[in-house]
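Per chain, numbering begins at 1; letters A, B, ... match sequence-line order. Heavy-atom basis, side chains included; hydrogens, waters and symmetry copies ignored.
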Number of protein chains: 2
Amino acid sequence: MDAGREELAGYDPRDYDPVAVTVDVVALTIRGGALHVLLVRRGHPPYTGMWALPGGFVHAVRDAEDLPAAAVRELAEETGLSAGDGALHRVHLEQLGTYGAPGRDPRMRVISVAYLAFAPALPDPRAGGDVSDAAWTPVREVPELAFDHSRILADALERARGKLEYTPLATAFCAAEFTIPDLRAVYETVWGEELHAGNFHRKVLSVPGFVVDTGRTAGPGGRRGGPRPRLYRAGGAALLHPALLRPGREEPPPGP
Amino acid sequence: MDAGREELAGYDPRDYDPVAVTVDVVALTIRGGALHVLLVRRGHPPYTGMWALPGGFVHAVRDAEDLPAAAVRELAEETGLSAGDGALHRVHLEQLGTYGAPGRDPRMRVISVAYLAFAPALPDPRAGGDVSDAAWTPVREVPELAFDHSRILADALERARGKLEYTPLATAFCAAEFTIPDLRAVYETVWGEELHAGNFHRKVLSVPGFVVDTGRTAGPGGRRGGPRPRLYRAGGAALLHPALLRPGREEPPPGP
DNA sequence: CCAATAGTGTCTCTTAGACATTATCAT
DNA sequence: ATGATAATGTCTAAGAGACACTATTGG
């Protein structure tokens, strides 16, 4: 598409109000069998001392950056991993939604574009910059967050739960090579439900392009016995057909 | 959530760059068996004379409005319907995504929050304001659009096709009361595929909360014979269980 | 009458899920 | 040996889809 660059005569800057745009990242990972989210403790007003999602203003004019680039930058700053690093390269990033209610930031009108990141187990973050602390926090222990970040986190969790059903993104929580039980643990952790091991195994292998067999088996890990499970890599499928529908969703009573 | 209003000392306005935020609306409706989108012809630079999605700057400071409110306002301005009107009340509106690549607007850095609207058949729009023309356009005849609006429209269509599968939003394209063949026509139009009438009928009625029988039948309409179909209203379900999966989706060849 | 369409019945194939079974490993 | 777990097999119920059939309307 070529930008028809007409003259800017007749263009009135007062047609619009200037707004600050931030990017916030909901970075999810699995540690020790529990779903964790990356949080930072704010070192400046507003909400000083409260926990919040990592994020910051988009570099809009000088060194103008795209929105996904801003999200990667924020994630890299908070985790201490460099953007070109291999660890960050395996992170799945997608836009979650945009939050712009008036008054959500007491300073001024701020529109926040939220991103959702699925990451394999990453090292502990390091504090620095304008945050006094940063930590992977179990989602079940997350306190009330600054701004409307509690709502953003809730939306992110719901999105993540749904994404596991019809996309292969559960593999984004695993290392490059993983076993079917590893994958099952991801589903059980995110959905908060136990899955039948045998049925899960057969179903995953029946979905074309979900996982590919490496031919090798896992070494003796922290398991308590049993045969060595086979190692798989993520397949090339972008969508799961048929989907792995999560159980226990009874039909809700008809609303208004 | 209570906003902890610390003092604003130490707050440096240069921490952020001012950005203009717009809201663009992809309004879809069905007219004469074809899917239509509401387009406007631009009356001002940039892209003067080109077709574009209806949209405009968010009122951010004076009369600060929420993002969905801005979308409703733009839709009302372009369709000539008042926001409190009953016709607009039946329109389904949801956030589609946010587009903020540098250079997408040649004037300055603009972030656009795109909304997707599903509407029943609405009257023809009226031109006015800063648009020289406005029209419902069949999506198969849409020309190249201004800015990145062609991409936004493509994303909207893909979202709409998916939404029909697992939500009852096809009813948002129908009048308040509709027949099962009406509903089937919506699916066939949006998906671009013919569906088996008998199987579709049975499936729709088998999903709890999708439609409710009014007990009445349609009057003699533009049909070419056959029994009077029954009239239904939209049910209370928010999700379809089981979903109406669209046919013809063979497993794609595994990508990279 | 005839063509078109609404709505229902029937059959087959696939899949989900409950459960059983066998094989392999750590302790 | 014993217990835990990977992986596979079996059975049943439910849903998708192909197809046939009846009933009811407009022309």
Side-chain angles (χ1 to χ4, degrees), chain A residues 33 164-166 174 177-188 191 193-208 210-232 239-251, chain B residues 33 164-166 174 177-188 191 193-208 210-232 239-251:
Chain A
L164 291 203
E165 290 190 315
Y166 54 94
C174 298
E177 298 194 340
F178 52 87
T179 69
I180 302 291
D182 289 341
L183 196 62
R184 177 165 48 89
V186 171
Y187 278 89
E188 290 178 336
W191 285 351
E193 303 187 63
E194 296 222 333
L195 301 178
H196 188 285
N199 289 338
F200 180 86
H201 189 107
R202 178 162 23 84
K203 180 129 184 51
V204 166
L205 295 186
S206 77
V207 177
F210 194 1
V211 297
V212 256
D213 198 333
T214 65
R216 286 173 293 109
T217 60
R223 284 169 295 108
R224 282 174 290 183
R228 307 277 178 85
R230 276 204 273 274
L231 282 172
Y232 295 85
L239 268 352
L240 300 184
H241 286 291
L244 278 94
L245 298 178
R246 67 211 246 213
R249 276 218 240 151
E250 298 312 312
E251 52 259 29
Chain B
L164 291 203
E165 291 189 315
Y166 54 93
C174 299
E177 298 194 340
F178 53 87
T179 69
I180 302 290
D182 289 341
L183 195 62
R184 177 164 49 88
V186 171
Y187 277 89
E188 290 178 335
W191 285 350
E193 303 186 64
E194 296 223 332
L195 300 178
H196 187 284
N199 289 339
F200 180 85
H201 189 106
R202 180 161 22 84
K203 180 129 185 53
V204 166
L205 296 186
S206 77
V207 178
F210 194 0
V211 297
V212 271
D213 197 334
T214 65
R216 286 172 295 109
T217 60
R223 283 170 295 108
R224 284 174 292 185
R228 308 278 178 84
R230 276 204 274 275
L231 283 171
Y232 294 85
L239 268 351
L240 301 184
H241 285 293
L244 278 93
L245 298 178
R246 67 210 244 215
R249 276 216 241 151
E250 299 312 311
E251 52 259 29

Asker: Output the rounded distance in Å from CZ (Phe200(B)) to C1' (dT8(C)).
Answerer: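 Spelled out: CZ on Phe200(B) to C1' on dT8(C) is 16 Å.
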Asker: Mind running side chain to side chain contact (heavy atoms under 4.5 Å, CB included) on Phe178(A) and Val186(A) for me, showing each step along the way?
Answerer: CA-CA 11 Å; Phe178(A) 52 87; Val186(A) 171; over 6 Å; no
Asker: For Pro181(B), check side-chain contact (heavy atoms from CB on, under 4.5 Å) against everything at least two apart and list the hits.
Answerer: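 Only Thr179(B), Arg184(B), Pro229(B) meet the side-chain contact (heavy atoms from CB on, under 4.5 Å) criterion with Pro181(B).
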Asker: According to ring-ring contact (aromatic ring centres under 6.0 Å, His included), who are the partners of Phe200(B), at least two apart in sequence or on a separate chain?
Answerer: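 In terms of ring-ring contact (aromatic ring centres under 6.0 Å, His included), with neighbours along the sequence ignored, Phe200(B) is linked to Tyr187(B).
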Asker: How many Å lie between OH on Tyr166(B) and P on dG15(D), as a whole number?
Answerer: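 Nearest whole value for this atom pair: 21 Å.
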Asker: Give the rounded distance in Å between these two atoms: CG of Leu205(B) and C1' of dG9(C).
Answerer: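 Interatomic distance, CG of Leu205(B) to C1' of dG9(C): 15 Å.
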Asker: Calculate, to the nearest 0.5 Å, the distance between atoms NZ and NE2 belonging to Lys203(B) and His196(B) respectively.
Answerer: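 Here the rounded value is 14.5 Å.
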Asker: In whole angstrom, give the distance that lies between atom NE2 of His241(B) and atom P of dA14(D).
Answerer: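 Checked: the NE2 to P distance equals 18 Å.
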Asker: Does Glu165(B) reach the main-chain N or O of Ala243(B) with its side chain, forming a donor-acceptor pair under 3.5 Å?
Answerer: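 Checked: no pair found.
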Asker: In whole angstroms, how far is the C1' atom of dA16(C) from the CG atom of Leu240(A)?
Answerer: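 Atom CG in Leu240(A) sits about 15 Å away from atom C1' in dA16(C).
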Asker: When we call it a touch if two heavy atoms are under 4.0 Å apart, what does Ala218(B) touch: a base, just sugar-phosphate, or nothing?
Answerer: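 Nothing: the residue Ala218(B), judged by heavy atoms under 4.0 Å, touches no strand.
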Asker: Encode nucleotides 17-27 of chain D as B, S and - characters from 5' to 3', where the letter depends on protein heavy atoms closer than 4.0 Å: B to the base, S only to sugar-phosphate, - to neither.
Answerer: BBB---BBBS-
Asker: Ser206(A) or His201(B): which one's nearest nucleotide on DNA chain C is closer to the 5' end?
Answerer: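 This one resolves to His201(B).
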Asker: In whole angstrom, what separates Glu194(A)'s CD from dG17(C)'s P?
Answerer: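 After rounding, the gap between these two atoms is 15 Å.
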Asker: In Å, rounded to the nearest 0.5 Å, how long is the span from CG of Leu205(A) to CD1 of Ile180(A)?
Answerer: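 Taking CG in Leu205(A) and CD1 in Ile180(A), the distance rounds to 4.5 Å.
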